[in-house]
Structure formats: structure tokens, C-alpha cells
Amino acid sequence: MAEESQSKATDATPATEVVVSEPAAEERASQTETPPSAAAGEAAAEGEETKKTAEAVAEAEAPEAEEKKPEGVEGESSAERSVVTEAIDPEKKALDELKLLVQAAVANNEFAPPPLPASIPAKEEETKSEEPAAPAPEVASEEPTKPEGVPEEPTKSEVEKETAPPLKDVPLSTTTPTGEEKSVTVEDDNAKTVEAIEETAIPVAPPPPETDEEAAKEAPVEPPEEVFIWGVPLLGDEKSDTVLIKFLRARDLKVTDALTMLKNAVIWRKQFGIEALLEDDLGLPELEKAVFMHGVDREGHPVCYNVYGEFQDKELYEKAFGDEEKRQKFLKWRIQYLEKGIRELLDFTPGGISSMVQVTDLKNAPRLGKHRQATNKAVTLLQDNYPEFIAKKVFINVPWWYLAFNRMMSPFLTQRTKSKFVFAGPSKSADTLFKYIAPEQVPVAFGGLSKENDPDFTSSDAVTELSIKPSSKQSIEIPTIEASVLVWELRVLGWEVSYSAEFVPSAEDGYTVLVQKNRKLIAADEPVIKTSFKIGEPGKVVLNIENPTSKKKKLLYRSKATCSVEST
């Protein structure tokens, strides 16, 4: 009975251990499956010691993002983080995160282009070095003739195969190996002594290569390269934030995506050779008729005009897109022109103008041809490497088929992109431009009054806009208070009106002077009329415009009193 009770007690011990260990396993499983906060809450009811254990488990199982906090940043409670997140501007928060990532990327030289692939000869040499070396020639030895009945002794080559390791595993010796000869005597009744010579090569191992840590200690430490884009350093300058924000906005404030885009842009600029391209003379001045900068919009953004109709000139078209070499040259010219405009006209300081307005004229634009490949490639490069440089993109003289195509594509465009695009048909092009660009800043070719090298007016001379109702007459009075030369210019979009001008003196006994007799102006006439009149007494110049058509007309005019008449 005593033995039975002892055996039962012995058997009960492991059973007790199993009962204790199973709840512990279930407790660990529940801590792993439930969120850290829930695990900590359940553990609080079990006492202070269990609570500490649960908190330690929760801390160990925290998300990976919490473990990868930047050094020097103290931990915050969830409540504190929510308050801070609400108070911080999302764009500023994303900018701060991007700065840290850019700083680390610069330190790791991640903005450098990838290394070029190794040359083919180098690969061949490496392959040859991996091939096993040819075995050393055997030393010839004379062996006596064996009598019959004596078992055949192993040959020298077989002995080497059994004793020596495979040749491919033996490191190659850098010096002439030394040899040791051993003599083995096999004795048997009425048998001759057979002497087998065994040669063992003793390789001399080369010195161990330097480890990476030792090489790093001996190599001089070079400071990381300072990275620039559009002449602005990515870090450490007041303009740097403006550049980084462009990439953030282009990727909807997704910091990782913005960093990837920034890296790709910097690497592309190095591979494309942007800095050297700025100094190149590509010899394509004719293209400045198709792409040129002119004036600013109502908010101060520089305006770039793209006039595709210029490529109706076959000579110009062939020079720009005739073959692949010419198309590549056109692409370089387009990138060079944009780069120069960015550096000369834009300001990356906080609060400065760092984007531009694009006006694309589709009048008489070639629809199909060799230019498609070059223009599509240019558009792709601009989208990938010049983010947020377009404040507004205005398409004018848009044909009906283009408008229909845009309506089809509109659902696939983001709201941010659609907010920047404006389309106007031929009859609405000038009015649409004037919504964003003042008439004194719009070139004459696009409905404005701005001209190059105008001796009388500049872009600072404001233009007055009026509308002439159908079948009505509009009179404009320009007062003068002293003797001077008055210069004015006038334009009615599309003309088809009658125009006359006269001077009316202030004195009651003065005579009215006819300056311009009534004249009918049609669409084919000069788009702008400029007139000057020398005035010797106070009075006013009256301009009369009559619109006999059934359409409303846009009237533009401005005037200036000057001391001399230089243009008529």
C-alpha cells in the first residue's frame, strides 16, 4: 500500500505541472491575439505583478512603425499624439518627415545614379578563376612485376583519390608546394616488398582578406555629396522647403512616394546631364516661335506659350522631327528652355512665385505625325521630374474633336488635375485668357495688346476692357488738360465694326477736329489700331465704335500722353 501511494504521488506531480502550464499558454495566446491595450486592461484585474508582465508583452508586440522612431524623439501617449496631430498642419508634418528621410538618403548616397554594369571581359576572367585548376602531373615510378596469386596493390592515383581531398576544394597555392615522401612496406610470405611512394601537397594559405570594418577604418571618410535641384540644395536652405513641398503635393502628401519621386528626379537629372545641357548651344532658335515665355498672369506667374500651329511650316517641322536624332535634339531643347525659365523667372523663397501658367494654342496644330513621339516623351518627362510647376494650363482654339475627347477622359482625371485645366474654343479663346491674364500681358496674336519692342506702351500700361452690345454704338472719351501728344491704341476682337475719332476742345468757341473719319474694319484688317494726335489746348478725344452685327464684341483700348510722337 505504501508503494502504491508513493507511485500515485509520483504520477501526480507531472499532472500538476501540466495543469499549471496550460493556463499560462492560453494566457500568452490571448495576449498575442488581443490588442496591447486590451491585454493590459485584462491583466490589471489580476494584480500589479501580472499587470507589469502584460505591459511588457504589449511593449514587445508594438507595431514596427513605433520601433522605427527617429533617434532622439521621445515617446508620447496616444492621447498626446492625437492632440499634437490635430494641431499640426498635415503638410508641415509631412514636410518634417520628408526632411528626415532626405537627410538619411543623402548620408547613404542614395541620390547617386546606379553603377554601370560590369564589362564582359571582366565576367570572363571571373568565370575562368572559378574553374578548378588542372591536377598536377603524376611522378612516374617503376614498380616490380607482381607474382601471380598476390592481390593487386592500389595504384598511386587510387591512393591519391582516397587520401587527398577533391582538388576543387583545395585552395590554390601561391608558392611552389613542398613535398614529403613516405615509404610504406607491405610484407607477406614469399612476397616481394612493395614500396609505395605517397606525395602529399602542403598548400600555403594566402593571408586572410581584410574585413569590411577594417577597410572602412583605413579608408578616408568622405562627407556626403550635397544634392541640388534647380540650383537649390535639398537641405539647409530656406528655398529647400518649397522644393520638397512640390514633390509632397504631387504625391498627395505621401512621404515615401514623394521621396521615391525625388530620388528618381535627381538621378534622371544627373543621367540626362542637365547642368551641362544649360551651357549647350543646340542651334534651334527657330523653335522659339513655337515655344516662348511672355508676360505674367494676374497673380504674377510667368506665362509660357506653346504654339503648335507653327509646325505647319514644313521646313521647321522637318528640322525638329525629321528623324530620331532631330527628335532627341528637340527634346533636349525643350528641357533646356524649361530649365532656363525656371532658374530665371521663378522664385523658390517662401511666399515666392514658384510655378507658371501654360497656354497651349491648338489652332492648325498637326494631328498626326513624327512629332507625336517627341511631344509625348517630353510630356512624360515633365510630369515625372517637374512636379507642381503648372499653376494653370489653358488650351485655346481647341477644335471640337479635342473637346469631345477631353469630355471622355475627364472622369479618369483627378480633381486636382482637372482644376488646373481650362479649355476654350476659337470664339472664346481671348475672353478665357483674359480671365487669368490681363490684356496688356497677352500677345497681340492671342487677342491682347502686348507687343515686343513697343516704343509707346509697356506691360505696365493698363488696358481697359469694354463690351459692345449687338447693333449698338460705344463712345470713349479721353480727357486732356494741357498741350501734349496723346497716343492711344484700340482693338475690337474680330472687328466687323465702324470706327471714327475726333478732338473736342473744352472752350465753347473751339472747333471740333476730325482725327479719324469713319472707317469700316473687317476681320482681315490689322488687329490693333494705334493713333497719335498733337493737342494744343485742353479738351478730349472721343472714339466712336459702332457694332452693326448681332454678336457682342470685346473692345480693348489704352492711352498715354507723351511729349513727342514716335509712332503713328
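Basis for what follows: all heavy atoms, side chains included, without hydrogens, waters or symmetry-related copies.
Without hydrogens or angle criteria, R558 side chain to E440 main chain gives no donor-acceptor distance under 3.5 Å. R519 places no side-chain N or O within donor-acceptor distance of the main-chain N or O of Y499, the cut-off being under 3.5 Å. The backbone N or O of N364 sits less than 3.5 Å from a side-chain atom of Q312, completing a donor-acceptor pair. For the pair K553 (side chain) and W495 (backbone), a donor-acceptor distance under 3.5 Å is present. With hydrogens and angles disregarded, a donor-acceptor distance shorter than 3.5 Å links the side chain of K420 to the backbone of I390. A donor-acceptor distance shorter than 3.5 angstrom exists from the side chain of R491 to the backbone of V444, with no hydrogens or angles considered. When atom types are taken as modelled, the side chain of D252 and the backbone of K254 share no donor-acceptor pair closer than 3.5 angstrom. A donor-acceptor distance shorter than 3.5 angstrom exists from the side chain of D525 to the backbone of I522, with no hydrogens or angles considered. Under a 3.5 Å cut-off, the side chain of E546 and the backbone N or O of S498 do not form any donor-acceptor pair. Although no hydrogens or angles enter the test, the distance criterion places no donor-acceptor pair under 3.5 Å between the side chain of N264 and the main chain of M261.
Of the charged side-chain nitrogens involved, none lies within less than 4.0 Å of a carboxylate oxygen, so that K392 and D297 do not count as a salt-bridged pair. Using a cutoff of 4.0 Å between basic side-chain nitrogens and carboxylate oxygens, K319 and E286 are scored as salt-bridged. A salt bridge links E275 with R343: at least one charged nitrogen is closer than 4.0 Å to a carboxylate oxygen. Salt bridge D454/K451: present, at least one basic N to carboxylate O contact under 4.0 Å.
The shortest side-chain heavy-atom distance between I437 and V394 does not fall under the 4.5 Å cut-off. With a 4.5 Å cut-off on side-chain heavy atoms, W488 and Y557 do not count as touching. The shortest side-chain heavy-atom distance between F272 and N385 does not fall under the 4.5 Å cut-off. Here the side chains of K435 and R298 are not in contact, with every heavy-atom distance at 4.5 Å or above. I468 is not listed as a side-chain neighbour of L466, based on a closest heavy-atom distance of 4.5 Å or more. T242 has its side chain out of reach of I245: every pair of non-hydrogen atoms, C-beta onward, lies at least 4.5 Å apart. Side-chain contact between Q441 and V296 is present, with at least one heavy-atom pair separated by less than 4.5 Å. Annotation: side chain of V266 is in contact with side chain of K270 (closest heavy-atom distance under 4.5 Å).
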Exercise for review: Carefully, step by step, assess K377 and Q328 under the rule side chain to side chain contact (heavy atoms under 4.5 Å, CB included).
Suggested key: CA-CA 10 Å; K377 190 172 183 179; Q328 288 296 324; 3.3 Å; yes
Practice item. Go through the steps to decide whether N544 and S475 satisfy the test side chain to side chain donor-acceptor pair (under 3.5 Å), and finish with yes or no. Key: CA-CA 5 Å; N544 300 304; S475 295; 2.8 Å; yes
Check your understanding: Is there a salt bridge (charged side-chain N to carboxylate O under 4.0 Å, His left out) between D431 and K552 once you walk through the steps?
Key -> CA-CA 12 Å; D431 286 337; K552 184 172 64 175; over 6 Å; no
**Study point:** Steps toward salt bridge (charged side-chain N to carboxylate O under 4.0 Å, His left out) verdict (K332, E339)
**Key:** CA-CA 10 Å; K332 287 185 176 182; E339 280 284 333; over 6 Å; no
Practice item. Please test Q474 against N547 for side chain to side chain donor-acceptor pair (under 3.5 Å), starting from the C-alpha separation and ending with a verdict. Key: CA-CA 8 Å; Q474 180 73 46; N547 177 19; over 6 Å; no
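Residue-environment remark: CG (N108) exceeds the threshold of 12 foreign heavy atoms within 6.0 Å. Environment of CD in E279: sparse, with no more than 12 heavy atoms of neighbouring residues, nucleotides or ligands closer than 6.0 Å. Within a 6.0 Å radius of NZ in K554, more than 12 heavy atoms belonging to other residues, nucleotides or ligands are found. Crowding of E537 atom CD: a count of heavy atoms from other residues, nucleotides or ligands under 6.0 Å exceeding 12. Residue-environment remark: NZ (K263) exceeds the threshold of 12 foreign heavy atoms within 6.0 Å. Atom CG of L282 is surrounded by more than 12 heavy atoms from other residues, nucleotides or ligands within 6.0 Å.
Note: D280 CG to K329 NZ = 10.5 Å, rounded to the nearest 0.5 Å.
For K246 and F389, the positive end sits near the middle of the six-membered ring, less than 6.0 Å away and at most 45° from its axis.
Taking the six-membered ring where tryptophan is involved, the planes of F423 and F395 are essentially parallel, since the angle between them stays under 30° and well short of 60°. Using bins of under 30°, 30° to 60° and over 60° for the plane-to-plane angle, the ring pair F533/F503 lands in the tilted bin. Ring orientation note: the planes of Y305 and F446 are close to parallel, at an angle under 30° on the 30°/60° scale.
E502 pairs by the side-chain hydrogen bond (donor to acceptor under 3.5 Å, both in side chains) definition with nothing, not counting sequence neighbours.
Nearest heavy-atom pair, A561 versus S484, reported as atom, atom and distance to 0.1 Å: CB-OG, 4.0 Å.
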